[in-house]
Novice: 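Structure incoming, see below.
Sequence positions, counted from 1, serve as the residue numbers for this chain. Both backbone and side-chain heavy atoms feed into the values below; hydrogens, waters and symmetry mates do not.
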Amino acid sequence: MNMAGSMNRGTSITLHDNGTLNVPENPVLVFIEGDGIGPDISRAAAKVFDAGVHKAYDGKRQVQWQEALAGEKAFAETGQWLPEETLDMLRQYVVGIKGPLTTPVGGGIRSLNVTLRQVLDLYACVRPVRYFKGVPAPVRFPEKVDMVVFRENTEDVYAGIEWPAGSPEANQLASYIKEHLNKEIRPDSAIGIKPMSKMASQRLVRRAIRHALDQGYQSVTLVHKGNIMKYTEGAFRQWGYELAETEFPEQTVSEAEVYEKYEGKTPQGRVVIKDRIADMMFQQALLRPDEYDVLAMPNLNGDYLSDALAAQVGGLGMAPGANIGDQVAVFEATHGTAPKYAGQDKVNPSSLILSGAMMFDYIGWREVGNLIRTSLEATVSAGVVTYDLARQMSDAQEVKCSEFADAIVEHM
């Protein structure tokens with residue numbers, strides 16, 4: 001992206017005491033270009049973002065873009081994969097967007113994405129999944145899929161607390177568990193710990209319920225494996241219901257109450273809180289997708305299910321996402337770096353473009369978000385698509401990554 005330059009005209013977004021954003025007419029937004037195909041899709045997305053803002057507000061509002069370094073570009077320029085300056089910039093400017101980042105092989109940092117989430121406490125991974133007309137999809141009725149996944153981002157098996165089989169730590173832990181807790185672990189076992197706290201579970205569910213209320217959704221479903229993992233995932237379910245009951249008593253109702261108290265009819269204006277066991281939810285996502293709106297779940301369930309839902313509507317290339325905390329929000333392409341296509345101006349930039357639409361919704365510029373989504377849908381419906389979609393369509397006009405962005409701008 002060639003977007004940093006007019007920084008002197010930009011103003012920082014700030015946070016009110018209640019956590020809402022104070023957004024100026026010329027906000028500074030941080031961008032991280034990304035690795036591999038990152039530069040290609042970032043350039044394409046920037047074109048769409050700036051055109052959308054100009055079209056929506058006729059020049060009265062303008063984004064000032066500030067580049068921050070992460071990944072290979074950061075390592076080449078600073079010797080660090082994730083410089084402290086980048087983290088400080090995101091904290092200062094509150095909202096950012098990033099392309100895909102490579103995970104360094106070997107020692108050092110485990111995953112740049114996971115590190116960003118943990119260091120900035122971006123505890124909610126939010127992924128809306130819906131169908132765009134014209135996109136090839138493997139299911140018969142992809143248009144029935146319209147869900148928003150809220151995935152807890154900081155705990156569960158992703159906490160990274162694990163030891164290899166045969167290591168002194170694994171052996172010591174196995175001995176302790178046998179001696180003090182009377183549970184047998186096979187001697188050649190690797191061991192991982194799955195922490196799940198009430199605080200982290202409830203703040204995730206709180207954000208999911210608020211989103212459902214703000215956007216007019218009818219239900220929030222807690223997706224868990226609590227029938228087996230009773231004290232972790234089972235607790236997630238229990239804590240979710242408790243939070244709804246204590247913090248949103250007038251705005252929510254449990255699915256059980258709908259049948260016990262209201263004869264199966266949801267009271268006007270209430271969001272139904274329900275829960276489903278994770279494996280059953282995969283089946284429901286295929287067979288009865290129109291019965292689900294917002295899904296809240298622990299980390300691993302959310303990872304699996306968000307990708308499975310994206311597959312129903314055309315794949316990760318069409319799936320936007322964000323990592324949101326109480327202080328900072330980072331929007332992102334949900335796919336990988338695809339290094340073999342780097343610099344070829346070939347790949348589909350839709351994931352990053354749609355993540356940008358989410359970002360504009362988040363800062364309250366919904367006119368831009370809506371314009372981007374409708375223009376992208378019109379472009380795909382007209383059969384103007386990148387290679388990944390063209391090869392699945394019979395009469396498509398295959399275009400480059402940059403040309404696809406141009407076509408979206410034309411449809412505005």
Novice: Among side-chain atoms of Tyr123 and Arg117, is any donor-acceptor pair under 3.5 angstrom?
Specialist: no
Novice: So which pairs with a foot in residues 361-390 pass salt bridge (Lys or Arg N to Asp or Glu O under 4.0 Å), sequence neighbours left out?
Specialist: Arg130-Glu377, Asp361-Arg373
Novice: Please enumerate all residues that pass side chain to side chain contact (heavy atoms under 4.5 Å, CB included) together with Arg140, with sequence neighbours excluded.
Specialist: none
Novice: With Phe75, which residues qualify under ring pair (Phe, Tyr, Trp, His ring centres under 6.0 Å), at least two apart?
Specialist: Trp81
Novice: May I ask you to decide whether Arg203 forms a salt bridge with Asp326, counting only side-chain N to carboxylate O separations under 4.0 Å?
Specialist: no
Novice: Please, which pairs that meet ring-ring contact (aromatic ring centres under 6.0 Å, His included) have at least one residue in residues 296-343, sequence neighbours excluded?
Specialist: Phe331-Tyr362, Tyr341-Tyr387
Novice: Do Tyr292 and Arg276 pair up side chain to side chain, a donor and an acceptor below 3.5 Å, judged on atom types alone?
Specialist: yes
Novice: If you look only at pairs with a residue in residues 226-281, which of them pass as a ring-ring contact (aromatic ring centres under 6.0 Å, His included), with sequence neighbours excluded?
Specialist: none
Novice: State which residues pass ring pair (Phe, Tyr, Trp, His ring centres under 6.0 Å) with Trp365; sequence neighbours excluded, sorted by chain then number.
Specialist: Tyr57
Novice: Could you list the residues that satisfy ring pair (Phe, Tyr, Trp, His ring centres under 6.0 Å) with Phe360, not counting sequence neighbours?
Specialist: Phe49
Novice: Of all residues at least two apart in sequence or in a different chain, which pass the side chain to side chain contact (heavy atoms under 4.5 Å, CB included) check with Ala212?
Specialist: Tyr217, Val220, Val271, Val294
Novice: Pairs of donor and acceptor atoms involving the side chains of residues 141-151, under 3.5 Å and at least two apart or interchain, shall be tabulated with distances.
Specialist:
residue: Arg151; atom: NE; partner: Asn299; partner atom: O; Å: 3.0
residue: Arg151; atom: NE; partner: Asn299; partner atom: OD1; Å: 2.8
residue: Arg151; atom: NH2; partner: Asn299; partner atom: OD1; Å: 2.9

Novice: Would you find a donor on one side and an acceptor on the other, under 3.5 Å apart, between the side chain of Asn153 and the backbone of Leu122?
Specialist: yes
Novice: Looking at Glu162 and Lys194, is there a salt bridge between them, counting it only when a charged N and a carboxylate O are closer than 4.0 Å?
Specialist: no
Novice: Under a plain distance cut-off of 3.5 Å, with no hydrogens placed, do Asn301 and Glu152 share a side-chain donor-acceptor pair?
Specialist: no
Novice: Does a side-chain N-to-carboxylate-O contact under 4.0 Å join Lys198 and Glu242?
Specialist: yes
Novice: Does a sphere of radius 6.0 Å around CD in Gln344 hold more than 12 heavy atoms from other residues, nucleotides or ligands, not counting ones at 6.0 Å or beyond?
Specialist: yes
Novice: Given Asn113 and Ser111, is the side-chain hydrogen bond (donor to acceptor under 3.5 Å, both in side chains) satisfied, shown in steps?
Specialist: CA-CA 5 Å; Asn113 292 320; Ser111 157; 4.7 Å; no
Novice: Only pairs at least two apart or in different chains count here, so list each side-chain hydrogen bond (donor to acceptor under 3.5 Å, both in side chains) that has a residue in residues 390-400.
Specialist: none
Novice: With Ala165, which residues qualify under side chain to side chain contact (heavy atoms under 4.5 Å, CB included), at least two apart?
Specialist: Ala190
Novice: Can you tell whether the side chains of Lys73 and Glu67 come within less than 4.0 Å, N to carboxylate O?
Specialist: yes
Novice: Between Arg61 and Glu25 (salt bridge meaning N to carboxylate O under 4.0 Å), is one present in this structure?
Specialist: yes
Novice: Does Leu287 offer a backbone N or O that forms a donor-acceptor pair with the side chain of Glu291 under 3.5 Å?
Specialist: no
Novice: Can you check whether Leu371's main-chain N or O pairs, donor with acceptor, with Thr374's side chain at less than 3.5 Å?
Specialist: yes
Novice: Under 3.5 Å, is there a donor-acceptor pair between the side chain of Asp35 and the main chain of Glu72?
Specialist: yes
Novice: Report the residues that fulfil side chain to side chain contact (heavy atoms under 4.5 Å, CB included) with Gln268, sequence neighbours left out, ordered by chain and then residue number.
Specialist: none
Novice: Is it true that a side-chain atom of Thr86 and a backbone atom of Leu82 form a donor plus acceptor pair closer than 3.5 Å?
Specialist: no
